[in-house]
Amino acid sequence: RDQIAVQALQGRHAGNNNHLSLPHERKAMYNEIRNEYASEGKLKLRMLSIPKASQFSSMEKQEEKIKMIRSKILKGSSFSSMAKEYSKDSFADKGGYVGVVGRSTLNQRLTAMAYSLKSGRVSDVIDDGPSWRLMYVDGRTGQTVPSQKELEDEIEKRLAIKKRQANMDGWLKKLRR
């Protein structure tokens with residue numbers, strides 16, 4: 001019984017669902033949530049790989065080397081030129097360009113890392129079995145973002161929740177005084 005009374009009080013002070021949202025509020029909420037509903041598309045991916053160890057270099061030296069390469073990229077060297085110079089895989093001649101890849105192209109771990117990268121960013125050093133790797137996303141293709149009209153119901157629902165929460169917070173603040 002007490003719980004019902006509390007819920008009734010909360011409902012009265014939180015406001016009803018008949019709120020009016022303003023165009024600028026709807027636009028702001030759309031900008032906030034649109035990427036949650038975007039299709040992820042495919043990645044234009046570059047990769048640089050060097051062996052962890054060779055007959056001429058120890059694992060520690062190779063790790064230092066890959067970190068130095070990453071540092072140069074972060075300071076402005078192009079990923080493509082670094083891949084051509086240092087990479088020891090089949091993509092080296094193409095500046096590390098692997099191509100357009102989807103979620104099923106690479107192994108699960110590399111896919112997760114690649115899809116977590118923003119366009120124009122280089123990955124951290126990746127320990128991938130016998131190789132050290134760096135990945136770079138040139139861009140995305142096939143990504144679609146729904147229009148504001150397509151997300152209208154979700155926008156209104158979230159704005160209503162936000163306004164009810166603000167009303168509830170104000171009411172609780174008054175009670176605590």
Side-chain angles (χ1 to χ4, degrees), residues 21 24-55 57-162 165:
S21 61
H24 76 274
E25 292 174 318
R26 290 191 297 269
K27 182 68 173 170
M29 182 58 69
Y30 171 71
N31 288 336
E32 188 177 314
I33 69 169
R34 69 181 178 194
N35 288 334
E36 293 176 33
Y37 294 90
S39 68
E40 62 186 7
K42 294 184 177 186
L43 306 176
K44 294 178 183 175
L45 185 69
R46 291 184 184 275
M47 196 173 317
L48 185 154
S49 306
I50 63 170
K52 280 189 180 174
S54 70
Q55 66 185 59
S57 186
S58 69
M59 189 168 158
E60 292 77 23
K61 293 275 189 208
Q62 292 296 86
E63 186 175 10
E64 286 174 27
K65 185 179 191 177
I66 195 82
K67 287 178 180 178
M68 177 270 304
I69 295 166
R70 183 174 187 275
S71 177
K72 283 184 174 185
I73 294 167
L74 291 173
K75 290 177 182 170
S77 294
S78 81
F79 192 94
S80 178
S81 65
M82 293 286 104
K84 284 178 182 176
E85 185 176 342
Y86 294 104
S87 192
K88 301 298 181 209
D89 61 22
S90 60
F91 306 110
D93 290 343
K94 297 185 284 183
Y97 188 67
V98 175
V100 177
V101 299
R103 284 214 170 256
S104 62
T105 307
L106 305 170
N107 70 42
Q108 189 176 6
R109 188 166 155 262
L110 289 178
T111 298
M113 289 178 173
Y115 272 87
S116 72
L117 288 174
K118 295 194 184 306
S119 294
R121 300 293 169 117
V122 66
S123 69
D124 289 330
V125 173
I126 302 165
D127 179 349
D128 189 35
S131 300
W132 296 111
R133 296 188 194 275
L134 293 174
M135 290 190 292
Y136 181 87
V137 174
D138 273 339
R140 293 176 187 264
T141 184
Q143 185 178 27
T144 58
V145 179
S147 69
Q148 185 172 339
K149 183 154 182 63
E150 291 172 300
L151 293 178
E152 197 170 282
D153 291 342
E154 183 64 20
I155 290 167
E156 288 298 330
K157 183 174 91 176
R158 290 195 189 194
L159 285 171
I161 291 168
K162 196 173 186 178
Q165 187 62 47

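Atom set for the values below is all heavy atoms of this structure, side chains included, hydrogens, waters and symmetry mates excluded.
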Practice item. Considering non-hydrogen atoms only, spot the tightest contact between Leu159 and Arg26 and give its length. Key: CD1-CG, 3.8 Å
Practice item. Kindly say whether Ser147 contributes a backbone atom to a donor-acceptor pair with the side chain of Glu150 at under 3.5 angstrom? Key: yes
Check your understanding: Do Val145 and Tyr30 have side chains that get closer than 4.5 Å, going by heavy atoms?
Key -> yes
Check your understanding: Arg140 and Ser119: which non-hydrogen atoms are nearest, and at how many Å?
Key -> N-OG, 4.0 Å
Revision key, fill the gap. Looking only at heavy atoms, the pair that brings Leu117 and Arg121 closest together is CD1-O, 4.1 Å
Check your understanding: Under the 3.5 angstrom rule, does the side chain of Asn107 hit a backbone N or O of Leu110 as a donor-acceptor pair?
Key -> yes
Practice item. Check whether any side-chain heavy atom of Arg109 sits under 4.5 Å from a side-chain heavy atom of Asp128, and report yes or no. Key: yes
**Study point:** Side chain to side chain, Val125 and Leu134, heavy atoms closer than 4.5 Å
**Key:** yes
Check your understanding: With a 3.5 Å cut-off and no angle check, do the side chains of Glu156 and Ser21 form a donor-acceptor pair?
Key -> yes
Check your understanding: Do Arg158 and Glu36 meet the salt-bridge criterion of a basic N to acidic O distance under 4.0 Å?
Key -> yes
**Study point:** Heavy-atom check, side chain of Ser49 versus side chain of Arg133, under 4.5 Å
**Key:** yes
Review point. What are the two closest heavy atoms between Ala92 and Ala83, and how far apart are they?
Key: CB-O, 3.8 Å
Point to revise | Heavy-atom donor-acceptor pair, Arg46 side chain to Val122 backbone, under 3.5 Å | key: no
Review point. Charged N to carboxylate O under 4.0 angstrom, Lys67 versus Glu64?
Key: no
Check your understanding: Which pairs count as ring-ring contact (aromatic ring centres under 6.0 Å, His included) when at least one residue sits in residues 92-144, sequence neighbours excluded?
Key -> Phe79-Tyr136
Exercise for review: Nearest 0.5 Å please: distance from the CZ atom of Arg103 over to the CD atom of Gln108.
Suggested key: 9.5 Å
Practice item. Measure the shortest side-chain to side-chain distance between Leu45 and Asp138 over non-hydrogen atoms and say whether it is less than 4.5 angstrom. Key: no
Exercise for review: Would you mind reporting whether Ile155 and Glu25 have side-chain heavy atoms less than 4.5 Å apart?
Suggested key: no
Revision key, fill the gap. Taken to the nearest 0.5 Å, the spacing of Glu154 CD from Arg34 CZ works out to 15.5 Å
Point to revise | Non-hydrogen side-chain atoms of Asp127 and Glu63 separated by less than 4.5 Å | key: no
Point to revise | For Asp89, all residues meeting salt bridge (Lys or Arg N to Asp or Glu O under 4.0 Å), sequence neighbours excluded | key: none
Point to revise | Rounded distance (nearest 0.5 Å) linking atom CE of Met135 with atom CD1 of Ile126 | key: 3.5 Å
**Study point:** Donor-acceptor pair, side chain of Ser81 and main chain of Ser78, under 3.5 angstrom
**Key:** yes
Review point. Does NZ in Lys42 sit with more than 12 non-hydrogen atoms of other residues, nucleotides or ligands closer than 6.0 Å?
Key: no
Check your understanding: Can any side-chain N or O of Thr111 pair as donor or acceptor with the backbone N or O of Leu106 at less than 3.5 Å?
Key -> yes
Check your understanding: Can you tell if the side chain of Arg70 reaches within under 4.5 Å of the side chain of Leu48, non-hydrogen atoms only?
Key -> no
Check your understanding: Between Gln62 (side chain) and Ala53 (backbone), is there a donor-acceptor pair under 3.5 Å?
Key -> no
